[in-house]
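Chain naming here is simple, since letters A, B, ... match the order of the sequence lines and numbering starts at 1 in each.
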Amino acid sequence: MKMSEDDKKLNALFTQARETGLHMPSGLEARILADAASAMPIQKREAPLWRRWFDDLLMGWYGLGGLAAASAAGIWLGVSPPSAFPDAGAYLFGQTGATVDVFAGDDLALVLAEEG
Amino acid sequence: MSSGMDPDAELLAGFARGDMTAARALTARLSPLVYRLAFRLLQDSGLAEDVTQEAMLRLWRIAPEWRKGEAKVSTWLYGVAFNLCRDKLRQGRRRAAAALEDVAEPADPAPSARERLHARQQGDALQGALATLPERQRQAVILRHIEELPNPEIAEIMQITVEAVESLTARGKRGLIKALEARREELGYEDV
């Protein structure tokens with residue numbers, strides 16, 4: 001399509017406008033970069049492998065605290081079980097501490113009678 | 001618009017990861033474009049500066065949520081700057097109207113920002129002619145013929161159809177020719 005004289009003149013003015021240097025005022029770039037620094041997203045550094053395992057498997061320090069408390073409670077119950085609780089050993093081996101006969105097979109009364 | 005290879009999107013992702021070098025590169029690439037557009041739309045260096053800083057700040061803030069491939073960073077930024085400029089022009093018109101209401105004597109119809117702009121730019125043929133155009137035509141002409149953006153990008157920035165862009169730029173050019181013709185002798189237009 002043939003360009004009219006008016007279009008040519010107009011295009012010359014557009015070109016002139018484009019070529020007229022429009023420079024940013026001094027200090028604007030520095031202000032933009034200051035804004036960038038303050039708006040910079042806070043980055044979480046990549047955690048090391050042991051820490052990721054610790055966090056994922058043990059659920060971090062909360063998990064570890066719970067595990068320690070449960071372990072301590074277990075040891076305490078083992079050392080000093082409450083009387084109301086069944087004796088786990090007896091339950092497993094079919095005996096209780098009160099009925100263990102260290103002289104199984106011997107009759108103490110008989111022995112005393114023989115000696116007497 | 002696809003932007004699989006948009007280098008600005010890569011830089012923006014770098015900034016979101018905490019890379020300040022990427023922010024410097026983006027500032028060097030994009031802020032002069034925004035300033036130039038804002039200055040041409042507003043014809044006011046101070047306002048153009050405000051718009052540029054605000055548009056860039058919005059870019060920094062959106063960086064962590066930026067999704068590559070949805071839009072070109074520069075188009076998005078042009079759109080933000082364009083809307084900020086439109087707000088500034090509206091505020092200017094409201095202030096001008098309010099100032100005129102305070103004047104006791106009856107005035108001629110309130111001179112628009114465009115007309116005041118025209119008066120300021122008498123020495124500049126193109127700016128003077130642009131100032132006579134309706135706002136949308138002037139914006140479309142600046143984006144198309146001075147910033148040299150493609151019509152689909154202008155449509156995205158102005159939130160209108162490509163056909164509407166074509167119509168605005170065509171009418172804008174006709175209006176410019178008419179305005180320049182009217183000022184031919186005053187401006188020495190025949191020497192262009």
Side-chain angles (χ1 to χ4, degrees), chain A residues 1-70, chain B residues 15-20 22-24 26-28 30-40 45-46 48-50 52-65 124-127 129-130 141-142 144-148 172-174 176-181 184 187 189-192:
Chain A
M1 190 170 67
K2 192 172 181 297
M3 195 181 280
S4 72
E5 279 303 305
D6 285 334
D7 280 334
K8 283 181 189 169
K9 287 172 184 173
L10 202 51
N11 284 344
L13 285 176
F14 289 143
T15 305
Q16 190 183 22
R18 277 195 297 276
E19 288 171 354
T20 303
L22 267 180
H23 301 291
M24 291 208 305
S26 62
L28 177 57
E29 187 171 334
R31 285 198 296 281
I32 290 169
L33 287 173
D35 285 344
S38 61
M40 171 94 59
I42 297 166
Q43 292 298 304
K44 281 173 74 177
R45 282 177 51 207
E46 182 80 355
L49 188 65
W50 70 267
R51 180 58 195 258
R52 273 180 280 157
W53 177 85
F54 176 73
D55 287 345
D56 294 345
L57 201 64
L58 298 178
M59 291 181 292
W61 293 112
Y62 289 114
L64 189 67
L67 185 65
Chain B
F15 169 75
R17 289 192 300 269
D19 181 1
M20 198 59 197
R24 276 191 282 275
L26 271 175
T27 303
L30 299 177
S31 61
L33 305 182
V34 176
Y35 177 77
R36 208 172 58 200
L37 174 70
F39 183 84
R40 285 185 173 134
S45 173
E49 209 172 323
D50 291 347
T52 308
Q53 192 172 353
E54 176 63 27
M56 291 301 290
L57 181 60
R58 292 188 189 187
L59 180 66
W60 306 138
R61 285 181 178 154
I62 204 168
E65 288 100 49
D124 185 328
L126 183 60
Q127 286 301 336
L130 279 170
V141 167
I142 289 172
R144 181 72 192 96
H145 294 290
I146 301 182
E147 296 300 322
E148 293 189 298
K173 277 182 82 173
R174 283 199 297 274
L176 281 180
I177 289 168
K178 205 170 158 186
L180 289 165
E181 186 69 27
R184 177 186 290 270
L187 299 165
Y189 179 53
E190 56 278 349
D191 296 334
V192 174

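Interface residue B/Ser31: backbone and side-chain heavy atoms are both found under 4.5 Å from chain A. Heavy atoms closer than 4.5 Å to chain A are found in both the backbone and the side chain of B/Met20. If you measure heavy-atom distances from B/Val141 to chain A, the contacts under 4.5 Å come from the side chain alone. If you measure heavy-atom distances from B/Glu148 to chain A, the contacts under 4.5 Å come from the side chain alone.
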Name each donor-acceptor pair under 3.5 Å that joins a side chain in residues 22-29 of chain A to protein atoms two or more places apart or in another chain, with its distance.
none

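Atom CZ of B/Arg61 sits in a sparse spot, with 12 or fewer heavy atoms from other residues, nucleotides or ligands closer than 6.0 Å.
Atom CG of residue A/Asp6 and atom CD1 of residue B/Ile177 lie 4.5 Å apart, to the nearest 0.5 angstrom. Atoms NZ and CG, on B/Lys173 and B/Leu176 in that order, are 9.0 Å from each other to the nearest 0.5 Å.
Classified by interplanar angle (parallel below 30°, tilted 30° to 60°, perpendicular above 60°), the ring pair A/Phe14/B/His145 is parallel.
In terms of heavy-atom pairs under 4.5 Å with chain A, the best-connected choice from B/Arg36, B/Glu147, B/Gln53 is B/Gln53.
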